[in-house]
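Quick note: numbers below take in every heavy atom, side chains included, and nothing from hydrogens, waters or symmetry partners. Chain A is the first sequence line, chain B the second, and so forth, proteins listed ahead of strands; every chain is numbered from 1.
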2 protein chains.
Amino acid sequence: MPHFSKKLSPSNSILPEVSQHAGDRRIRRSKKALKETLIALMREHDFKEISITELVRRADLNRGTFYKHYRDMEGLLAETVEDAISDLIFSYREPYQHTDSLDLRKLTASGVKIFEHVHRHAAFYTLVVESQALPGLSDRICEVIKDLSLHDLELETLNPRINHSLYAGYQAYAIWGMILEWIKGGFVHSPEYMANQLLEYIRNRPAGTDIIHRSSPR
Amino acid sequence: MPHFSKKLSPSNSILPEVSQHAGDRRIRRSKKALKETLIALMREHDFKEISITELVRRADLNRGTFYKHYRDMEGLLAETVEDAISDLIFSYREPYQHTDSLDLRKLTASGVKIFEHVHRHAAFYTLVVESQALPGLSDRICEVIKDLSLHDLELETLNPRINHSLYAGYQAYAIWGMILEWIKGGFVHSPEYMANQLLEYIRNRPAGTDIIHRSSPR
DNA sequence: CTAGATAATGAACAATTGTTGACTAAGATT
DNA sequence: AATCTTAGTCAACAATTGTTCATTATCTAG
């Protein structure tokens with residue numbers, strides 16, 4: 001392991017540690033340095049204020065190195081986000097080995113995994129969301145959630161009156177909406193609480209929505 | 001009903017025609033020119049490619065004029081989006097005069113108005129969403145939907161196990177998820193269809209979500 | 001209509017951006 | 001270990017950005 005500057009934490013634990021699939025060690029080193037420095041700078045200034053010149057100066061890299069790998073600042077942030085996404089996808093796929101045939105369990109198991117993923121990278125998500133910077137972060141994440149949950153739900157949703165792609169968008173963004181509230185609230189709830197809430201929202205409908213089937217409760 | 005086919009309409013009907021509350025006519029003129037030119041340029045290049053220099057050249061304004069009103073390109077786009085938001089808020093508030101006490105009606109009446117708003121500005125929403133540019137457009141719109149629907153739903157949602165702010169985020173982003181699918185699909189559905197789908201999603205739960213209470217229906 | 005206010009202009013300015021080419025250093029492959 | 005490949009460096013470049021200032025044009029208040 002080569003020399004790290006002692007200024008900040010020696011290993012930046014915010015970064016999801018992915019996209020190390022580049023063959024060349026030099027590329028890995030440079031990209032990692034750029035991502036870590038970006039995160040560090042985002043803790044000090046708004047994303048908008050960070051200049052590429054300052055970034056590479058802090059990362060102790062030549063400016064040309066940045067442009068060799070990224071088109072612009074958004075490109076770097078996008079790849080940093082993509083690293084988190086990879087972990088999300090991995091986390092999401094996992095629980096399916098040990099689910100039984102109950103659709104509800106499947107859905108909430110997925111939900112739990114998503115919430116756990118976000119919670120694991122809480123510092124990262126907080127930073128990115130609060131930095132206004134989101135280069136389509138919401139959209140990218142929802143795209144993933146949508147694809148993943150569409151894959152599950154379209155087979156289960158028997159009601160022929162329901163438009164599947166619209167419903168997938170509905171569900172995916174709904175979950176993301178919960179996550180945003182969670183983030184903005186500073187993660188005061190546990191991932192399990194979040195999953196239980198999701199379950200609650202799907203299972204129980206707000207007052208007045210069950211007009212048609214309402215009967216006397218015991 | 002916006003006209004799509006023609007290349008460049010003489011008066012750019014995409015712009016929601018708001019934020020004209022600035023007292024000085026010169027400011028109104030400049031801002032309007034900048035917004036219209038921005039829209040025009042976004043039909044040609046990606047948002048990222050548009051330079052302020054080119055913008056003001058096309059708008060026949062001095063570059064200093066731009067900086068007098070906006071911090072940067074995102075600022076201009078943000079205000080353009082804000083104009084649409086104003087119309088959304090207005091549209092949303094409207095239907096509440098003639099709703100009865102049924103919460104479901106209230107909710108779908110709100111939904112209808114939101115869908116109608118988006119449909120009215122279809123060209124605008126398509127442009128902004130497809131331009132990747134969204135300076136937090138999703139977030140801004142959902143913020144509005146959330147505030148508006150939270151105002152309605154928190155009083156109606158009797159279930160004490162439901163976290164209201166989380167639920168508001170859930171509902172707001174869910175609607176936005178539907179809208180995004182709608183936009184990306186090229187508005188093949190009518191606003192009424194969208195509202196009916198929303199109703200369907202809230203009223204009917206997907207198969208398997210009613211496990212616990214499932215018993216012989218009677 | 002006049003006078004004060006201020007938006008718009010035009011010109012400078014340092015700084016940053018995005019790109020290029022020649023050169024050096026490091027890693028991958030046999 | 002030798003060598004082919006390519007990442008990283010350095011310097012230069014035009015272009016754009018963001019800012020300032022004096023001047024002119026236009027608006028609003030009275």
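Screening residues 172-182 of chain A for salt bridge (Lys or Arg N to Asp or Glu O under 4.0 Å) gives Glu181(A)-Lys146(B) as the qualifying pairs, with residues at least two apart or on separate chains.
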Atom pairs under 3.5 Å: protein N/O with N/O of nucleotides 8-10 of chain D:
unit_1 : atom_1 : unit_2   : atom_2 : d
dG8(D) : OP1    : Arg26(A) : O      : 2.9
dG8(D) : OP1    : Ser30(A) : OG     : 2.0
dG8(D) : OP2    : His69(A) : NE2    : 2.7
dG8(D) : N7     : Lys68(A) : NZ     : 3.0
dT9(D) : OP2    : Asn62(A) : N      : 2.8
dT9(D) : OP2    : Thr65(A) : OG1    : 2.7

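Between Met73(B) atom CE and dT16(D) atom C1' there is a gap of 12 Å when expressed in whole angstrom units. Distance Arg71(A) CZ to dG18(C) C1': 10 Å, rounded to the nearest Å. Atom P of nucleotide dG18(D) and atom CG of Leu55(B) are separated by 13 Å, given to the nearest angstrom. When the P atom of dT9(C) is taken as reference, atom CG of Leu34(B) falls 10 Å away, rounded to whole Å. The distance between atom OH of Tyr67(A) and atom P of dT16(C), rounded to the nearest whole Å, is 11 Å. Taking atom CD1 on Ile52(B) and atom P on dT17(C), their separation rounds to 14 Å, with Å as the unit. Between the CG atom of Asp24(B) and the P atom of dT6(C) there is a distance of 10 Å, given to the nearest Å. Tyr70(A) places its OH atom 14 Å from the C1' atom of dA7(D), with the value rounded to the nearest Å.
A salt bridge links Asp24(B) to Arg26(B): one of the charged nitrogens lies within less than 4.0 Å of a carboxylate oxygen. At a threshold of 4.0 Å, the pair Arg71(B)-Glu49(A) counts as salt-bridged, since one of the basic side-chain nitrogens sits closer than that to a carboxylate oxygen.
No side-chain heavy atom of Met194(A) sits less than 4.5 Å from a side-chain heavy atom of Val112(A). Glu116(A) is listed as a side-chain neighbour of Glu192(A), based on a closest heavy-atom distance under 4.5 Å.
Fit an axis to the five pairs at each end of the helix from dC1(C)-dG30(D) to dA22(C)-dT9(D) and the two axes sit 30° apart, to the nearest 10 degrees.
The aromatic rings of Tyr70(B) and Phe66(B) sit tilted relative to each other, their planes meeting at an angle between 30° and 60°. Note: Trp182(B) and His119(B) have parallel aromatic rings, judged against thresholds of 30 and 60 degrees for the angle between ring planes.
Contact detail for Leu76(B) and Leu55(B): the closest heavy-atom pair is CD2-CD2, 3.7 Å.
Side-chain atoms of Tyr193(A) and Asn163(B) form a donor-acceptor pair, as typed in the model, at a separation below 3.5 Å.
Residue Thr53(A) places at least one side-chain N or O under 4.0 Å from the OP1 or OP2 atom of dT17(C).
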